[in-house]
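Comments concern the structure below.
All ligand and atom numbering here is 1-based and tracks the order in the structure. Excluded from the calculations below are hydrogen atoms, water molecules and symmetry mates; all remaining heavy atoms, backbone and side chain alike, are included. In this text, all values refer to a predicted model and were calculated from it rather than measured experimentally. This chain uses plain numbering: 1 for the first residue, then up along the sequence.
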Amino acid sequence: MTKSLQTPVFGRLALIGIGLIGSSIARVARARNLAGHIAIYSRSAETIARAGELQLGDSYSTDPAEAARDADCIIICVPVGASTQIARAIAPHLKPGAIVSDVGSVKRAVIEQIQPHLPDNVHFIPAHPVAGTEKSGPDAGFETLFDNRWCILTPLPETDQQAIETLSRFWSACGANMEQMDADHHDLVLAITSHLPHLIAYNIVGTANDLETVTQSEVMKYSAGGFRDFTRLAASDPTMWRDVCLHNKDALLEMLARFSEDLSALQRAIRWSKGDELFDLFTHTRGIRRAIIDAGQEVDLPDFGRQAGKPGSDEKRDALK
Ligand code: NAP
């Protein structure tokens with residue numbers, strides 16, 4: 001799906017951070033003419049040079065204040081734990097009336113980190129595009145990342161309605177479907193739909209790695225039995241996920257407690273051979289996957305859409321090299 005606009009939504013857009021998410025925004029904004037000028041910040045000289053090579057923007061800096069200066073919209077795309085430092089650095093240089101937003105996977109902690117530092121004459125609208133991959137850095141982004149994915153805004157009660165509409169227009173043009181909710185509710189919903197699954201994946205891959213009676217090479221060899229589907233999530237960026245865990249503690253601990261209880265129930269059903277209980281649960285969960293496919297949030301292809309192992313596929317050819 002490609003949505004193009006006649007006139008850019010923003011004259012000058014500043015992307016503070018140019019990894020997977022920042023570079024995907026840069027690509028879609030450029031391709032769909034959503035910004036007149038794209039100013040890019042990254043912390044390291046190496047990443048900013050790479051962003052330049054990829055021609056992701058119009059100006060590049062390792063100083064967040066320089067990128068944010070005169071911008072009509074500033075989107076902070078760094079790990080959640082770096083939000084305070086970025087907010088402090090850009091605050092004195094913001095243009096009156098500018099929209100300041102972010103893409104952090106956690107919302108309450110980001111609000112607490114950013115809002116106190118911003119002047120009253122800018123519009124702060126926290127946001128979370130619920131789209132991503134396990135890859136990081138400016139090469140990982142792509143123009144269609146947000147197509148048909150949700151972008152959740154968690155505006156504060158006093159936020160200017162016009163500014164919310166402008167930011168929504170930008171994200172819609174990026175391909176996203178818009179939703180608004182309270183920051184605490186967002187953190188609870190994402191704890192179960194995203195944060196807990198990542199923790200489970202990190203844990204299961206760690207457990208498999210620790211096993212002594214099953215060798216490492218056997219884990220790799222027979223990974224198609226299910227294990228490899230966890231390894232994709234467990235390959236996600238360690239900095240990002242450390243920060244998510246540290247900044248969504250309460251919701252995550254609550255979900256982990258519930259998960260442990262349900263796991264104990266499953267353990268009991270297996271121990272006492274309660275086949276009906278197991279069958280009922282597995283039938284119910286199969287229906288949940290169907291509903292996700294019907295909602296357009298997953299593809300209904302065999303082997304999760306993988307081509308691996310099929311005769312003539314690239315992956316198969318690479319494996320044979
Ligand atoms: P990424 O690919 O790792 O890129 C991170 C960017 O932030 C890079 O430009 C990096 O700069 C910069 N950065 C890292 N640590 C920093 C620090 N301490 N101070 C200043 N800049 C720093 O990350 P990403 O996946 O795009 O994630 C960015 C944000 O999007 C996170 O808040 C994450 O929660 C959120 N998010 C991620 C996903 C996902 O699936 N990845 C999905 C939705 C939302 P250098 O490379 O120059 O060091």
Numbered atoms of ligand 1 (with element) below 4.0 Å of [X], judged on heavy atoms:
X      : answer
Gly17  : 9 (O)
Gly132 : 40 (O)
Val80  : 32 (O)
Ala82  : 17 (C), 18 (N), 19 (N)
Tyr41  : 20 (C), 21 (N)
Ser136 : 2 (O), 3 (O)

With backbone taken as N, CA, C and O and side chain as the heavy atoms from C-beta onward, which portion of [X] lies under 4.0 Å from ligand 1: side chain, backbone, both, or neither?
X      : result
Asp102 : neither
Ser236 : neither
Gln85  : side chain
Ala131 : backbone
Trp241 : neither
Thr47  : side chain
Cys77  : backbone

Practice prompt. Please confirm whether Thr133 comes under 4.0 Å of ligand 1, counting heavy atoms of the residue only.
Written response: yes
Worksheet item: Does Lys135 have a non-hydrogen atom less than 4.0 Å from ligand 1?
Response: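 No.
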So which heavy atom in the protein is nearest [atom], and how far is it from that ligand atom?
atom                    : result
atom 36 (N) of ligand 1 : Ser105 OG, 3.4 Å
atom 18 (N) of ligand 1 : Arg43 NH1, 3.4 Å
atom 14 (C) of ligand 1 : Pro79 CD, 3.3 Å
atom 32 (O) of ligand 1 : Val78 O, 2.7 Å
atom 44 (C) of ligand 1 : Val103 O, 3.2 Å
atom 4 (O) of ligand 1  : Gly19 CA, 3.2 Å

Item to complete: Scan side-chain atoms only and decide if Arg268 and Ser264 contain a donor-acceptor pair under the 3.5 Å cut-off.
Response: no
Should [X] be counted as touching ligand 1, given the test is an N or O pair under 3.5 Å?
X      : value
Gly104 : no
Ile21  : yes
Pro129 : no

Discussion item. Before you tell me yes or no, could you show the steps for His195 and Ser105 under side chain to side chain contact (heavy atoms under 4.5 Å, CB included), namely the whole-Å CA-CA distance, both residues' side-chain angles and the distance that decides it to 0.1 Å?
Written reply: CA-CA 9 Å; His195 308 168; Ser105 307; 4.2 Å; yes
Worksheet item: Of Glu46, Arg50, Met240, His247, which has the heavy atom at the shortest distance from atom 38 (C) of ligand 1?
Response: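 That would be Met240.
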Worksheet item: Between Leu20, Ile25, Val110, which one has a non-hydrogen atom sitting closest to atom 41 (N) of ligand 1?
Response: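 It is Leu20 whose heavy atom sits nearest to atom 41 (N) of ligand 1.
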Worksheet item: Is there side-chain contact between Arg30 and Leu56, with heavy atoms separated by less than 4.5 Å?
Response: no
Worksheet item: So, do Trp150 and His128 have ring centers that fall under 6.0 Å from each other?
Response: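 Distance test on ring centres: not under 6.0 Å, no.
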Fill in: Parallel, tilted or perpendicular: ring planes of Phe170 versus Phe10, cut at 30 and 60 degrees
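Aromatic pair Phe170/Phe10 classed tilted.
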Item to complete: Check whether Ile38 and Ile25 end up in the same hydrophobic cluster, where Ile, Leu, Val, Met, Phe, Trp and Tyr are linked by side-chain heavy atoms less than 4.5 Å apart.
Response: yes
